[in-house]
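Values below: every heavy atom of this structure, side chains too, minus hydrogens, waters and symmetry copies. Start at 1 and go down the list; that is how both ligands and their atoms are numbered.
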Amino acid sequence: MSGLADVLVGRLRAVGTRALFGVPGGGGNLDLIEAARRAGLPFVLTSTETGAAIAAMAQAEMTGRPGACLTTLGPGAASVVNGVACAYLDRAPIAVFTDNSPVGARHFSHQQLDQLAMFAPITKWSGRLTSGDHGGVVARIFQELTSLPPGPVHIDCPGDAWAGTTGTTGTTGTTGTTGTAGSVASLRLPSSRKPLLLIGLGARQAADAAAIRHLCERLQVPAMVTYKAKGVVPDAHECFAGVFTNGFIERTVIDQADLIIGVGLDPIELLPRPWTFAQPIVNINPWSVPNDHVPFAAQWVTSVAEAVTMIETQMRPSEWNLDAVRLAVDEQRRLIDVPSNGLTPQRVVEVAAHALATTARPQATYSRLTVDAGAHMLPATMLWPVAEPNGLLISNGLSTMGFALPAAIGAALIERDAATSTGVRARPVVALIGDGGLLMCAGELLTAAREKLRIVTIVFSDASLSLIEIKQQARQLPPAGVALGAVRWAALAESFGVAGFVASTENELAAAIDQAKAHDGPSLIEATIDRSNYGVMLRAIRG
Ligand SMILES: Cc1ncc(C[n+]2csc(CCOP(=O)(O)OP(=O)(O)O)c2C)c(N)n1
Ligand SMILES: [Mg+2]
């Protein structure tokens with residue numbers, strides 16, 4: 001017989017959860033934290049609840065197993081909402097435990113919100129523990145957490161639910177797919193001479209990547225990747241055809257295709273613009289997706305790896321000239337290499353990638369990258385080479401600011417565990433973030449310091465909400481509400497116990513990165529950039 005908190009933590013451990021993040025309140029949260037301690041599940045205090053949910057989400061993306069976080073009632077529950085929304089629109093399975101007052105105390109209105117209703121639109125399931133038989137609820141939680149599409153689950157925990165013990169753990173949750181899982185045998189691909197793969201977030205398992213690379217190599221088929229699918233086909237791969245966002249820059253390659261095959265393509269990742277491609281498009285994904293944005297002629301809801309292996313048998317070697325595709329991707333990089341007077345954002349990415357990214361290095365020294373929302377994301381996603389699925393973590397479905405640092409914390413904890421178990425030094429995680437984004441999550445620098453994590457945060461310090469500023473400029477509006485003012489980021493970092501460096505030239509940046517790499521704990525590099533070329537860059541990419 002064990003308490004409900006032990007049952008929940010035991011089930012989390014059993015499904016592969018690696019840590020519990022959060023900012024505790026004084027109620028049942030404390031039972032969960034104590035149960036986690038007993039079970040050896042680390043509890044990681046974050047500065048904000050949304051930071052906790054994002055760290056949990058990063059772990060879920062890296063491991064393919066549910067992440068977990070907890071909050072107090074009322075303000076804690078309200079504060080985690082953006083992180084939960086992020087997991088929802090970025091399709092990541094996380095368990096979100098919110099405290100609540102005992103059901104018998106609901107006539108007190110202090111700190112009371114309708115928490116079930118608050119999370120209902122941003123979770124797969126928002127439910128409540130009961131003080132009686134928990135079996136059914138516990139089973140439902142884990143069924144939702146481990147079924148597809150992946151997404152967050154909210155568990156409201158009234159104070160009186162923790163009392164007593166239970167021997168009932170409910171039926172075991174199952175891993176399955178929603179929608180009708182089509183039989184792979186029924187897959188029939190239209191014939192084509194120049195098929196193009198568009199790889200999305202639904203194709204990030206190692207087996208998916210292996211099957212996709214095999215097809216591409218054997219049949220000489222090019223593959224474009226969404227932001228979240230970067231690394232499934234590495235940037236350095238002979239079949240890599242660039243990044244796909246439903247923007248402008250990728251059109252020259254797509255227009256040459258006579259068939260588009262979505263692999264794990266979920267329109268949640270695409271820019272909200274009409275679909276203008278005339279070729280037929282089909283999709284293979286583990287869950288069904290809406291047909292109203294992208295007009296899929298057929299959707300096969302099934303295992304990506306199996307289906308890709310199956311369609312490979314139906315396809316002939318393509319008529320693509322992959323050298324020409326490679327040249328087109330090189331041309332894209334040239335188009336965004338817009339000169340300016342100072343340190344350019346694209347050179348920040350290139351100098352950092354040269355020192356820290358994946359190309360031509362043994363796996364052990366790769367740095368995983370996290371990227372925030374903002375103009376700096378444009379060069380980061382195009383220029384940073386990624387060689388493995390989830391080698392780049394980014395919020396794309398929600399595209400929230402304040403993502404990169406807490407995501408790096410989730411990722412760095414897993415890197416640290418992996419290093420400890422193999423006796424090597426942890427791979428650093430690199431967080432690229434704008435100054436506006438860092439203002440939203442700077443408190444997590446202290447989390448990184450407390451946990452002694454190898455995170456290299458590079459701030460694109462431009463004293464501006466640049467992405468919004470350039471959109472204002474494009475509409476010929478005067479600047480308003482976009483000037484941030486200067487921050488001494490390196491000094492702020494030092495005050496948290498994070499090693500701080502400043503760089504306003506490429507040489508200074510390279511030197512700072514060397515020092516940051518050598519440093520054992522977290523570090524921050526304040527890269528003072530010239531933001532004047534972002535407008536041209538945005539037009540080149542999005543038209
Ligand atoms: C939480 C959140 N608030 C607002 C936005 C809208 N938004 C997108 S990018 C951006 C500016 C980002 O500024 P900064 O972090 O400094 O990056 P920069 O564009 O300067 O590179 C804003 C306000 C958002 N995506 N997320
Ligand atoms: Mg900025």
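Using a cutoff of 4.0 Å between basic side-chain nitrogens and carboxylate oxygens, Arg334 and Asp337 are not scored as salt-bridged. Taking a cutoff of 4.0 Å between a charged side-chain nitrogen and a carboxylate oxygen, Glu508 and Arg347 do not qualify as a salt bridge. Salt-bridge annotation for Asp462 and Arg531: absent, with no side-chain N of the basic residue lying under 4.0 Å from a carboxylate O of the acidic one. Taking a cutoff of 4.0 Å between a charged side-chain nitrogen and a carboxylate oxygen, Arg454 and Glu415 do not qualify as a salt bridge. At a threshold of 4.0 Å, the pair Asp520-Lys452 does not count as salt-bridged, since none of the basic side-chain nitrogens sits closer than that to a carboxylate oxygen.
Geometrically, ligand 1 and Met401 share a nitrogen or oxygen pair separated by less than 3.5 Å. The distance criterion of under 3.5 Å between nitrogen or oxygen atoms is not met by Leu484 with respect to ligand 1. Of the polar atoms of His376, at least one N or O is found under 3.5 Å from an N or O of ligand 1, judged by distance alone. Distances between N or O atoms of Asp372 and those of ligand 1 include no value under 3.5 Å.
Atoms of ligand 1 lying under 4.0 Å from any heavy atom of Leu467, numbered from 1 in the order shown and given with element: 9 (S), 19 (O). Listed by number with element, the atoms of ligand 1 under 4.0 angstrom from any heavy atom of Ala375 are 18 (P), 19 (O), 21 (O). Proximity to Asp462 (heavy-atom distance under 4.0 Å) selects the following atoms of ligand 1: 20 (O). Interface of Ser466 with ligand 1, defined as ligand atoms under 4.0 Å from a residue heavy atom, comprises 18 (P), 19 (O), 20 (O). Counting the atoms of ligand 1 from 1 in the order shown, those under 4.0 Å from a heavy atom of Gly434 are 14 (P), 15 (O), 16 (O), 17 (O). Of all atoms in ligand 1, listed by their number and element, those nearer than 4.0 Å to a heavy atom of Ile468 are 7 (N), 10 (C), 11 (C), 22 (C), 23 (C). Proximity to Ser399 (heavy-atom distance under 4.0 Å) selects the following atoms of ligand 1: 24 (C), 25 (N).
A side-chain donor from one of Glu269 and Thr226 sits under 3.5 Å from a side-chain acceptor of the other. For Ser464 and Glu469, the side-chain atoms include at least one donor-acceptor pair closer than 3.5 Å. Between Ser523 and Lys517, the side chains place no donor N or O within less than 3.5 Å of an acceptor N or O (distance only, hydrogens not considered).
Within a 6.0 Å sphere centred on CZ of Arg273, heavy atoms belonging to other residues, nucleotides or ligands number more than 12.
In this structure, Asp435 has a heavy atom closer than 4.0 Å to ligand 1.
In this structure, the protein non-hydrogen atom closest to atom 1 (C) of ligand 1 is Thr400 OG1, 3.5 Å. With respect to atom 15 (O) of ligand 1, the closest heavy atom belonging to the protein is Gly437 N, 2.7 Å. Counting only heavy atoms of the protein, atom 14 (P) of ligand 1 lies nearest to Gly436 N, 3.5 Å.
In this structure, Thr457 contributes its side chain and Leu524 its backbone to no donor-acceptor pair below 3.5 Å.
The part of Ser464 lying near ligand 1 is the backbone, judged by heavy-atom distances below 4.0 Å.
Atom OD1 is the N, O or S atom of Asp462 at the shortest distance from the Mg ion (ligand 2). In terms of distance to the Mg ion (ligand 2), the nearest N, O or S atom of Asp435 is named OD1.
Proximity of Arg368 to Val430: side-chain heavy atoms (C-beta onward) are nowhere separated by under 4.5 Å.
In this pair, Trp275 and Phe244 present their aromatic rings perpendicular. The plane angle is above 60°, beyond the 30 to 60° band.
The nearest N, O or S atom of Ser464 is closer to the Mg ion (ligand 2) than 2.8 Å.
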